[in-house]
J.: 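Just dropping this structure here.
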Amino acid sequence: MSRGDLFIVSSPSGAGKTTLIRRVLEDPRIGGSLHFSVSHTTRLPRVGERTGVEYHFVDEAAFRAIETRGGFLEWAVVHGNLYGTSRDEVEPRLDRGIDVLLDIDVQGARQVRSHVPEAVKVIVFPPSREVLEMRLKARGSDAPDVVLRRLAVARKEMEEWGEFDYAIINEDLEAAVDELRSILVARRAGKSRRRERLESILRSFAP
Ligand code: 5GP
C-alpha cells in the first residue's frame with residue numbers, strides 16, 4: 001500500500017484558514033478519506049471547543065512531557081501559547097495510506113518541511129492588508145496594539161510564501177474552498193499513489 005500524503009495548510013492568523021479547512025472537510029468526498037490532525041495546545045478552549053476535536057487541550061507540564069520524549073513532529077509558540085503536532089496523530093495514519101492535513105502556523109510548517117520534504121505545502125493569503133486588518137478587528141478580541149503586532153507578524157510569515165507549493169488567496173471563500181479541494185483531489189492522481197493499480201492493470205495486458 002502507498003503511504004498517505006501529508007498536507008500542511010498555513011496562514012497568518014485572520015486569513016480565514018480554519019473556516020476554509022472546515023468547509024473542505026465537510027465535503028464527504030474529501031473528509032471521508034482525510035484525517036484532520038488534532039494538535040495539542042496550552043491555550044484555553046474557546047466557547048464550544050471540545051478536547052480531542054478542535055485540539056487536545058493540555059497544561060504546560062503535559063505539553064513539555066510530550067516534547068521531552070520527542071513526541072512532537074513540530075511545535076511552536078503562537079501568540080503566547082504552545083501548539084504542537086504529535087507524531088501519534090500523523091505517522092501511523094500515513095503508514096496506513098491515510099492522508100493527513102495539518103492546520104499549523106508558518107513556524108511549524110518550516111519544521112515539518114525539514115523532516116518531511118515530500119509534504120504538500122499550502123499557504124493561505126488574505127487579499128490585502130486592509131482585509132486582514134478588518135478581519136482581525138472584527139474578532140473584537142484584541143486591543144489595537146495587538147492587532148498591529150499581528151499584522152507585523154503576518155507580514156513576516158507571508159514573506160515565506162516561496163517555500164510553499166500552492167498559494168490560495170482567500171478573497172472569495174467559495175473559490176478558495178474549490179482551490180483547496182482541487183489540490184487535495186489532484187494529489188490522489190499522483191502516479192506514486194497509483195503504482196499498485198497501474199501495475200496491476202498493465203499486468204492484465206500481458207500476452
Ligand atoms: P488558534 O488558537 O486560533 O486555533 O490557532 C492559532 C494558530 O496556531 C493558527 O495559525 C493555527 O494554525 C496554529 N496552530 C494550530 N495547531 C498548531 C500546531 O500543532 N503547531 C503549530 N506550529 N501551529 C499550530
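Each ligand, and each atom within it, is numbered from 1 in the order the structure gives. Everything numeric here is computed off the predicted structure, so don't read it as measured data.
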J.: Could you list the donor-acceptor pairs under 3.5 angstrom formed by side chains in residues 11-19, with sequence neighbours left out?
T.:
{"unit_1": "Ser13", "atom_1": "OG", "unit_2": "Arg150", "atom_2": "NH1", "d": "3.2"}
{"unit_1": "Lys17", "atom_1": "NZ", "unit_2": "Asp103", "atom_2": "OD1", "d": "3.0"}

J.: Quick one, list the residues around ligand 1 where some non-hydrogen atom comes in under 4.0 Å, by chain and residue number.
T.: Lys17, Ser39, Arg43, Arg46, Tyr55, Glu74, Ala76, Val78, Tyr83, Gly84, Thr85, Asp103, Ile104, Asp105, Gly108
J.: Among residues at least two apart in sequence or on other chains, which ones pass ring-ring contact (aromatic ring centres under 6.0 Å, His included) with Phe63?
T.: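 Counting only residues at least two positions away or on another chain, Phe63 forms a ring-ring contact (aromatic ring centres under 6.0 Å, His included) with Phe72.
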J.: Ignoring hydrogens and geometry, is there a side-chain-to-backbone donor-acceptor pair from Thr41 to Leu82 under 3.5 Å?
T.: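 Side chain of Thr41 to backbone of Leu82: a pair is present.
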J.: According to ring-ring contact (aromatic ring centres under 6.0 Å, His included), who are the partners of Phe7, at least two apart in sequence or on a separate chain?
T.: none
J.: Quick one: do the His35 and Glu89 side chains pair a donor with an acceptor below 3.5 Å?
T.: yes
J.: Quick one: does any side-chain atom of Glu49 pair with a main-chain N or O of Glu54 as donor and acceptor, under 3.5 Å?
T.: no
